[in-house]
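Note that this is a predicted model, so its numbers are computed, not measured. All chains are named by letter (A, B, ...) in the order of the sequence lines, taking the proteins before the strands, and each is independently numbered beginning at 1.
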There are 2 protein chains.
Amino acid sequence: ADPRIEVVTTASMIPQEVGPIYIGSFAMLNCHNIGIMDIRTPADARQPEYLARLLAADVVMFSGGNQSRLREMFGETDFLDTLTRRYFAEPNFVIAGTSAGAMAMSHHMIRGGSVPDALLKGAVKMGIGFGLLPTALIDSHFVKRGRFGRLIEAVALYPKLIGIGLGEDTGVLITDGHLVETIGSNLVIILDGHDIAHNNTAAAKKGTTLSIENFKMHVLAKGNVYCITERKFYVSKEAVANATC
Amino acid sequence: ADPRIEVVTTASMIPQEVGPIYIGSFAMLNCHNIGIMDIRTPADARQPEYLARLLAADVVMFSGGNQSRLREMFGETDFLDTLTRRYFAEPNFVIAGTSAGAMAMSHHMIRGGSVPDALLKGAVKMGIGFGLLPTALIDSHFVKRGRFGRLIEAVALYPKLIGIGLGEDTGVLITDGHLVETIGSNLVIILDGHDIAHNNTAAAKKGTTLSIENFKMHVLAKGNVYCITERKFYVSKEAVANATC
């Protein structure tokens with residue numbers, strides 16, 4: 001059967017353009033059972049109609065735009081509670097996101113950050129996301145927009161979280177909440193701060209230079225897998241099958 | 001006494017502008033004994049006058065511009081042989097470089113590389129530099145121009161070399177050939193590929209995505225020190241004094 005896909009265009013400021021593009025893109029994948037949820041206000045997010053549609057969806061996809069809008073509209077709503085409950089309880093329920101829609105999946109979330117000021121304390125702006133992926137931080141448009149610096153600062157602020165930097169035309173498929181498989185034509189950077197020794201990030205004054213010892217970093221191409229719980233790189237899904245992850 | 005400083009403007013395509021700027025900048029530091037060597041051709045580089053001036057200099061400074069020009073003009077000359085001999089034999093002889101002038105100090109040298117194509121095999125263009133710092137690779141304008149990707153590829157190609165990425169308005173003072181001390185207002189990134197496990201960089205086809213497991217990375221602020229031989233981060237020069245480096 002044609003899966004029911006709901007596209008949430010809330011992050012976007014041009015939802016009237018974004019919605020039809022998604023309908024067209026899914027049609028190319030032979031998916032025609034698409035709903036668009038253009039939720040613009042927190043009151044909108046509380047409408048029983050949207051909750052009913054969420055309960056009936058097989059896939060919920062969050063568009064790009066401004067990631068801060070997502071928590072602002074859905075925070076403290078039954079919609080987000082239900083999304084969270086279904087995500088953790090139902091193995092076949094898929095939540096997807098692109099750009100801002102991907103970044104909002106974490107609990108601690110990158111809101112923004114200037115490239116020229118990167119790695120000066122305070123260049124990265126942090127906020128709160130949906131919390132569906134509490135063990136990671138996600139950044140997007142990573143290589144083309146030169147965003148290494150802001151992910152480095154974010155991971156230095158929260159070294160227990162794994163930094164995931166998504167290149168263009170590239171995504172990750174996360175299964176079991178911790179297996180990160182790379183899909184698409186470009187690449188994914190994994191930044192692991194668990195072995196950080198010296199780190200002035202918490203204490204540094206705004207605008208001063210960061211000083212951080214010992215990040216671990218991986219470059220993942222299509223098909224490579226990273227296990228968040230083990231903090232291990234695998235060449236392929238097949239390689240994971242023989243591992244303990 | 002006023003040290004004799006020779007500024008080599010060979011890398012620059014606007015030496016008539018660069019020379020006076022250096023003379024003015026050194027004057028602000030109360031250094032007035034400055035010579036400008038505007039060597040434009042390999043034949044120029046072989047003139048006995050320049051060799052005599054090199055032998056009389058306390059400091060030789062290489063300007064920015066195009067790092068490939070430096071090896072092209074000085075390769076296989078007595079000038080480069082003498083520069084090298086003095087650098088390794090004389091503890092007080094200083095060789096300095098900015099931008100291209102810094103990048104040319106290594107043996108394997110980054111010639112260029114496109115940011116949009118970063119981390120696709122072949123995006124970084126490698127060449128040969130002066131070889132004064134055979135254990136490292138240097139990149140410049142590192143944070144502002146988003147050059148993480150090209151240093152990552154360069155280090156993945158030569159994992160025995162330490163990648164040094166210089167931020168704006170920031171330099172490194174290298175003593176004993178292996179102690180890297182950070183000076184200036186911004187920061188320095190150290191990229192260490194010695195623990196790389198999986199690495200497809202040598203085998204990958206041009207334009208395909210790299211896949212690399214296990215870089216180590218450090219962010220160094222002013223005063224932090226990195227020891228290349230030990231591959232260790234130190235908070236300060238004082239901390240090194242108590243170490244084995």
Side-chain angles (χ1 to χ4, degrees), chain A residues 114-121 123 142-153 156 165 167-168 170 182 184-193 195-201 204 207-224 226 232-236 239, chain B residues 114-121 123 142-153 156 165 167-168 170 182 184-193 195-201 204 207-224 226 232-236 239:
Chain A
S114 124
V115 168
D117 292 337
L119 296 174
L120 303 181
K121 165 69 181 260
F142 192 70
V143 178
K144 284 212 175 164
R145 298 192 189 168
R147 289 178 167 173
F148 280 87
R150 76 182 199 180
L151 189 63
I152 289 172
E153 183 177 355
E168 299 293 332
T170 300
T182 302
S185 69
N186 198 255
L187 53 87
V188 172
I189 297 286
I190 298 283
L191 195 62
D192 172 0
D195 298 330
I196 285 177
H198 173 72
N199 182 1
N200 78 341
T201 309
T208 62
T209 320
L210 299 186
S211 165
I212 315 158
E213 178 183 1
N214 247 5
F215 282 100
K216 198 178 271 190
M217 184 170 63
H218 312 282
V219 180
L220 273 64
K222 181 180 179 173
N224 292 161
Y226 184 77
K232 256 192 93 169
F233 173 106
Y234 292 93
V235 172
S236 66
Chain B
S114 124
V115 168
D117 291 337
L119 296 173
L120 303 181
K121 166 69 181 263
F142 192 70
V143 178
K144 284 212 175 163
R145 298 193 191 167
R147 289 177 167 173
F148 280 87
R150 76 182 201 179
L151 190 62
I152 289 173
E153 181 177 356
E168 299 292 332
T170 300
T182 303
S185 69
N186 199 255
L187 53 87
V188 172
I189 297 286
I190 297 284
L191 195 63
D192 172 2
D195 298 330
I196 285 177
H198 174 73
N199 181 1
N200 77 340
T201 309
T208 63
T209 319
L210 299 186
S211 165
I212 315 157
E213 177 183 2
N214 247 4
F215 282 101
K216 197 177 271 190
M217 182 171 62
H218 312 282
V219 180
L220 273 63
K222 181 179 178 174
N224 293 162
Y226 184 77
K232 254 192 93 171
F233 172 107
Y234 292 95
V235 172
S236 66

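- Proximity to chain B (any heavy atom under 4.5 Å) is restricted, for A:L191, to the side chain, taken from C-beta onward.
- The line from NE2 of A:H218 to CG of B:N214 is 5.0 Å long, rounded to the nearest 0.5 Å.
- The distance from the OG1 atom of B:T208 to the CG atom of A:N186 is 11.0 Å, given to the nearest 0.5 Å.
- Interface remark: A:S185 contributes backbone atoms only to the contact with chain B (heavy atom separation under 4.5 Å).
- For B:I196, no part lies under 4.5 angstrom from a heavy atom of chain A.
- Only the side chain of A:N224 comes within less than 4.5 Å of a heavy atom of chain B; its backbone N, CA, C and O stay farther away.
- Only the side chain of A:V235 comes within contact range of chain B, judged by heavy atoms closer than 4.5 Å.
- Only the backbone of B:L220 comes within contact range of chain A, with heavy atoms under 4.5 Å apart.
- With chain A as partner, the option from B:K222, B:E213, B:K144, B:K216 having the largest number of non-hydrogen pairs under 4.5 angstrom is B:E213.
- If you measure heavy-atom distances from B:I152 to chain A, the contacts under 4.5 Å come from the side chain alone.
- Two residues are said to be in side-chain contact when any heavy atoms from C-beta on lie closer than 4.5 Å; A:T170 and B:T209 fail this criterion.
- Taking B:F142 as the reference, B:F148 meet the ring pair (Phe, Tyr, Trp, His ring centres under 6.0 Å) condition, with sequence neighbours excluded.
- Between A:V143 and B:D117 there is no side-chain heavy-atom pair separated by less than 4.5 Å.
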